[in-house]
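Per chain, numbering begins at 1; letters A, B, ... match sequence-line order.
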Protein chains: 2
Amino acid sequence: MKIGDIARAAGVTTSRIRFYEKRGIIAPAVRGPNGYRDYPEELIAILRFIEQAQGLGFSLKEIAGVDVAQGDHPISCDEAIRLLSGKLDSVAALIAEAKERQRRIKALIAELQGRKQSAA
Amino acid sequence: MKIGDIARAAGVTTSRIRFYEKRGIIAPAVRGPNGYRDYPEELIAILRFIEQAQGLGFSLKEIAGVDVAQGDHPISCDEAIRLLSGKLDSVAALIAEAKERQRRIKALIAELQGRKQSAA
DNA sequence: CTTGACCTTGAACCTAGGTTTAAACCCTAT
DNA sequence: ATAGGGTTTAAACCTAGGTTCAAGGTCAAG
């Protein structure tokens with residue numbers, strides 16, 4: 001499949017696919033006699049996987065570390081659980097931070113409203 | 001006060017102060033006869049205010065919009081409440097998103113652990 | 001044989017919030 | 001007068017995740 005076919009099928013741009021290739025996130029494409037990239041159908045699933053992983057909060061760097069498209073072992077179940085657990089922790093930390101911000105903002109609003117009352 | 005004095009007092013770098021000035025987040029400094037920036041002591045509080053606002057999730061663009069250092073009216077109480085309430089909403093949205101991620105990650109982990117059990 | 005759609009490359013551009021660097025100037029102490 | 005610290009400027013660099021551009025090659029249809 002040519003890059004445009006893959007792009008349409010996976011719902012991503014062609015530039016994004018080239019970008020991933022350049023960054024080593026997906027394996028370099030086999031080239032046809034005209035120099036065009038020729039990708040296996042499996043890349044569609046890989047690209048969807050990447051979007052999914054991004055949606056879960058994984059950076060491209062982290063995704064690249066999984067070697068998803070390097071033809072290596074497709075990552076062990078234990079490894080996947082380990083990665084997900086790590087991300088779970090960082091998401092929890094993010095939530096805690098956001099809640100703290102929320103708390104402080106609420107306190108500020110309350111203070112300002114109190115000031116408004118006493119001024120009135 | 002010279003830029004270095006302000007920087008030390010406020011706990012920021014001099015480059016950051018110049019950056020803020022260039023971006024219009026703080027007012028351009030008065031210059032001494034040697035061309036050195038000469039800042040009023042009040043800038044220290046303004047810089048601290050900026051850090052605080054950033055900590056609450058406000059971008060520099062949003063902070064600049066407040067015209068904190070333009071010598072204008074120092075922002076009305078109602079206006080402050082409005083801005084804070086808006087930020088409160090976006091923080092709530094952020095938390096909701098993060099929780100959704102958390103939920104999905106947990107579901108994935110559970111699925112993988114189930115797979116491990118059935119494989120064992 | 002030309003038009004249009006596709007592909008190639010490298011490089012520049014974008015947001016956000018700064019940092020770093022280079023080359024120059026100023027001030028104070030010794 | 002010279003060393004050291006401070007200051008000035010513009011411009012380049014950084015992370016992240018891409019997009020956009022320019023200039024050119026390829027392919028199938030009409």
Legend entry - With sequence neighbours excluded, residues passing salt bridge (Lys or Arg N to Asp or Glu O under 4.0 Å) with B:D38: none
Legend entry - B:E62 side-chain N/O to B:S59 backbone N/O, donor-acceptor pair under 3.5 Å: yes
Inset, instruction - Could you tell me which non-hydrogen atom of A:G24 sits nearest to which non-hydrogen atom of A:A64, and how far apart they are? - result: O-CB, 4.5 Å
Inset, instruction - Could you tell me the separation between the CG atom of B:D38 and the P atom of C:dC26, rounded to a whole number of Å? - result: 17 Å
Legend entry - With sequence neighbours excluded, residues passing side-chain contact (heavy atoms from CB on, under 4.5 Å) with A:D5: A:M1, A:K2, A:R8
Inset, instruction - Give the rounded distance in Å between these two atoms: CD of B:E21 and C1' of C:dT19. - result: 17 Å
Inset, instruction - State whether B:R82 and B:E79 are salt-bridged, where the test is any N-O pair (Lys NZ or Arg NE/NH1/NH2 against Asp/Glu carboxylate O) under 4.0 Å. - result: yes
Inset, instruction - Would you mind checking if B:R18 and B:E21 are paired as a salt bridge, meaning a charged N to carboxylate O distance below 4.0 Å? - result: no
Inset, instruction - Could you tell me the separation between the CD1 atom of B:I17 and the C1' atom of C:dT20, rounded to a whole number of Å? - result: 17 Å
Inset, instruction - Report the end-to-end axis angle of the helix from C:dC1-D:dG30 to C:dT30-D:dA1; each axis comes from five terminal pairs, and the value is rounded to 10°. - result: 40°
Inset, instruction - Considering just the side-chain nitrogens and oxygens of B:R37, establish if one lies under 4.0 Å of OP1 or OP2 belonging to D:dT7. - result: no
Legend entry - B:D5 CG - D:dG5 P separation (whole Å): 16 Å
Inset, instruction - For D:dC27, take OP1 and OP2 only and decide whether either is under 4.0 Å from a side-chain N or O of A:N34. - result: yes
All N/O donor-acceptor pairs, side-chain side in residues 45-57 of chain B, below 3.5 Å, sequence neighbours left out:
| residue | atom | partner | partner atom | Å |
| --- | --- | --- | --- | --- |
| B:R48 | NH2 | B:A9 | O | 2.7 |
| B:E51 | OE2 | B:R16 | NH2 | 2.5 |

Legend entry - Nucleotide C:dG10, atom P - distance to CZ of A:R18 in whole Å: 11 Å
Inset, instruction - Using a cut-off of strictly less than 4.0 Å between a heavy atom of the residue and any atom of DNA chain C, enumerate the qualifying residues of residues 83-98 of chain A by number. - result: none
Inset, instruction - Starting from C1' on D:dG25, measure out to NZ on A:K2 and report it in whole angstrom. - result: 13 Å
Legend entry - Hydrophobic cluster membership, A:I6 vs A:F19, 4.5 Å side-chain cutoff: yes
Legend entry - d(OH, B:Y36; P, D:dG5) in whole Å: 14 Å
Inset, instruction - Spell out, yes or no, whether A:L83 and A:L94 are grouped together once hydrophobic residues are joined by side-chain heavy atoms under 4.5 Å, including indirect joins. - result: no
Legend entry - For atom OH of B:Y39 and atom C1' of D:dT8, their distance in whole Å: 12 Å
Legend entry - Contact pattern, 5' to 3', of nucleotides 11-19 of chain D - B, S or - by protein heavy atom under 4.0 Å: ------BBS
Legend entry - Transitive ILVMFWY side-chain link A:I81 to A:V91, under 4.5 Å: yes
Legend entry - Shortest non-hydrogen contact between B:Y39 and B:L43, atoms and distance: CD2-CD2, 3.3 Å
